[in-house]
Amino acid sequence: MKMKFVIQNSIKNKLMLGFLIVVALTGVSSIFAGYRIINRGIIEQAYESVRSDLKTAQYIYNNRLFQIEMTLNYIGTLDYMSRAVEARSLSFLQAKFIRLKDWIGADIIIITDSKGKVMLRVNNTGFYGDSALDIQCIRQVVETLKPSYGSGILTRDILAKEGEDIVDKALVKVIPTEMGRHITKDHEDRALVLNAATPMFSDGKMVGIVYGAFIVNNNFEIVDRIKNLVFHSDDVTDYSAGKATIFLDDIRVSTNVVRSDGHRSVGTQVSSKVYESVFDRGEDWVDRAFVVSRWFLAAYTPIYDTNNSIIGILYVGVPQERFDKIKNNTIKYFLFISLITAVCAAVIALYLINRIVKPINEVVYASDVIAGGNYSKKLRVFRESELSHLSEAFNRMIDAIFDRDMRIKETAHNQVAQSEKLASLGRLAAGIAHEINNPLTGVLTYSSMLKDDLAGTEYVDDLNVIIDETLRCRKIVKEVLDFARETRLEKEHADINKVLNGTLAILEKHVNLRKVKLTKIFAENIPGILVDVNQMKQVINNLALNAADAMPDGGELIIETSFIEEENSVLISFKDTGAGISAENLSRIFDPFFTTKEPGKGTGLGLAVIYGIIERHNGRITVHSIQNSGTEFIIKLPVG
Ligand SMILES: Nc1ncnc2c1ncn2[C@@H]1O[C@H](COP(=O)(O)OP(=O)(O)O)[C@@H](O)[C@H]1O
Ligand SMILES: [Mg+2]
């Protein structure tokens with residue numbers, strides 16, 4: 001029971017261990033691969049989303065520009081406005097535009113004549129008559145007679161003409177930061193503007209230009225709208241939300257990126273890396289960027305003026321920790337799923353392993369039972385089980401073992417019976433032979449004496465018959481005594497090949513063997529064995545003479561020796577080409593007095609004697625015979 005338990009456990013443990021190693025290896029590699037895929041996937045996704053956020057931001061920025069441009073274009077189509085400009089009805093225009101300025105959310109409105117000479121500054125009615133051609137948009141309308149709009153830069157001089165409050169509105173103090181560019185100025189007094197100029201026509205003739213500008217500096221309308229629409233956040237101090245910034249040149253002039261003190265980081269600079277990409281190469285820049293105080297996944301795109309020169313940058317960025325959070329959650333989820341899968345796999349494996357181990361256990365158990373001699377224990381043959389073959393084979397093996405066991409028992413039984421038969425017959429025969437031997441000696445003595453006395457008479461022939469027959473009787477009696485006598489073996493070390501050679505040399509001259517061809521096949525590696533040489537000679541004589549008797553018309557007798565290493569025994573074979581033995585007689589030839597020879601020729605004791613001798617040598621003699629073809633006697637003698 002303990003053994004069974006140990007076997008079961010070791011198989012189970014090995015299977016379990018092997019399986020767990022496989023699960024662990026695949027688990028670790030899939031987690032590793034999964035981690036990389038998730039990581040890359042999320043980062044790609046993140047950049048993709050930042051890119052698309054930038055497009056939306058651009059759209060919102062442009063939309064603010066269109067608001068101004070479209071309103072001015074609409075005014076340009078109004079006849080009464082054109083006529084007012086043509087007639088220079090300044091107080092009318094001033095009254096109209098002061099309201100319009102608020103309506104379109106413009107900071108500056110200027111009306112010029114068709115040459116660009118200022119007719120009316122809505123912010124500063126007292127200052128006019130100067131040229132406004134230093135404003136790019138206005139110059140373009142003068143040159144092309146078509147509306148012009150876009151981003152632009154207004155210098156401090158232009159702003160100053162609008163009044164001190166406008167200069168102040170645009171003024172940005174430059175603040176140094178760790179990652180910012182090397183500072184070249186301590187403040188920015190120019191204004192980044194969204195501006196538009198539209199020509200006014202009267203009777204097909206350009207009579208003037210209306211110009212409007214929206215100052216981006218320090219105005220957070222656009223960036224906050226982007227933050228609101230794109231990142232769904234109203235709170236400037238929400239650090240985890242996405243951010244937007246508008247740069248004039250390299251300075252943040254409008255932003256909702258907040259410094260650690262909670263203030264918007266207006267006045268800080270862009271990093272040189274981004275500046276070079278956007279300004280020097282005119283390329284969008286999408287990457288991780290350290291903005292003011294933290295890492296962002298950031299996207300920057302150039303802002304062009306109406307002359308297609310880059311004057312600023314539009315930026316959107318999402319704090320990296322947002323994606324880190326998504327990434328971590330995804331990885332946690334992935335790990336959780338992996339763990340659950342591994343646990344499920346282990347449970348399934350345990351079930352399968354049990355299914356495999358169970359029949360093996362039964363085999364082990366059945367083996368124990370069978371080893372105890374109970375052959376009735378059969379294994380269940382599991383249907384659909386991979387191990388059904390094993391069970392079937394095992395059951396076949398039990399049957400085979402059972403058969404062999406029975407055969408061995410039968411042979412042993414026969415042997416015992418044969419020995420007992422020989423022994424009792426021997427005792428009986430010896431008794432009779434003793435009783436006969438003495439009278440026979442008397443008969444022989446007296447008939448010899450009578451023969452001498454009656455020499456020359458007619459009785460001599462009869463007396464010769466008596467003497468011959470008495471001698472024959474004595475021979476039989478001697479044979480019986482030989483058979484019966486359990487002589488002590490006088491064992492000596494002998495080379496069986498030598499014993500055979502010596503005996504056969506004498507036998508060859510025997511009359512009966514004249515027509516028989518003797519073939520000897522002797523192995524050379526035969527170890528010496530302990531035998532009673534005289535008795536062995538008797539065995540050889542008897543076998544050879546029997547063979548000769550079976551071949552009255554001649555034939556071949558092959559005598560072969562060999563050494564069987566695995567049995568550590570010497571084999572001697574006598575094989576003839578004689579008459580063979582019928583199946584019926586085969587089982588009786590070792591019986592004493594069994595003979596097929598005519599009376600007077602055989603006593604039927606030869607093989608019985610041989611059997612006894614071989615048995616006393618702890619050897620075995622067996623016979624194979626095919627009728628009309630030949631017979632082989634095989635003797636096996638143990639070495640040592
Ligand atoms: N080599 C043989 N070929 C054929 N039959 C044999 C051979 N050896 C023995 N026998 C058979 O076995 C019988 C018994 O032999 P054995 O005991 O030597 O007695 P016997 O030779 O006196 O008959 C023989 O009568 C014969 O029928
Ligand atoms: Mg014989």
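Computed from a predicted structure; not experimentally measured. Order of appearance sets the numbers: ligands from 1, and atoms from 1 within every ligand. Hydrogens, waters and symmetry mates play no part in the numbers below; they use all other heavy atoms, side chains included.
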For this session: Give a yes or no on whether Gln45 atom CD has more than 12 heavy-atom contacts from other residues, nucleotides or ligands under 6.0 Å away.
Result: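 12 or below, so no.
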Exercise. Excluding waters, how many protein N/O/S atoms sit closer than 2.8 Å to the Mg ion (ligand 2)?
Worked result: 1
Where the closest heavy atom to [atom] is concerned, which of [options] has it?
atom                    : options                        : result
atom 5 (N) of ligand 1  : Ile581, Thr595, Leu605         : Ile581
atom 13 (C) of ligand 1 : Phe633, Phe590, Phe594, Phe574 : Phe594
atom 25 (O) of ligand 1 : Thr596, Thr577, Leu543         : Thr596

Any heavy atom of [X] sitting closer than 4.0 Å to ligand 1?
X      : value
Gly604 : yes
Asn542 : no
Gly630 : no
Ala547 : yes

Problem set entry | Closest approach of any protein heavy atom to atom 3 (N) of ligand 1, naming residue and atom | Ala550 CB, 3.2 Å
Seminar exercise, completed: In this structure, atom 12 (O) of ligand 1 is nearest to the protein heavy atom Ile589 CG2, 3.4 Å
For this session: Considering the heavy atoms of Gly602, write down every atom of ligand 1 situated less than 4.0 Å from one of them.
Result: 22 (O)
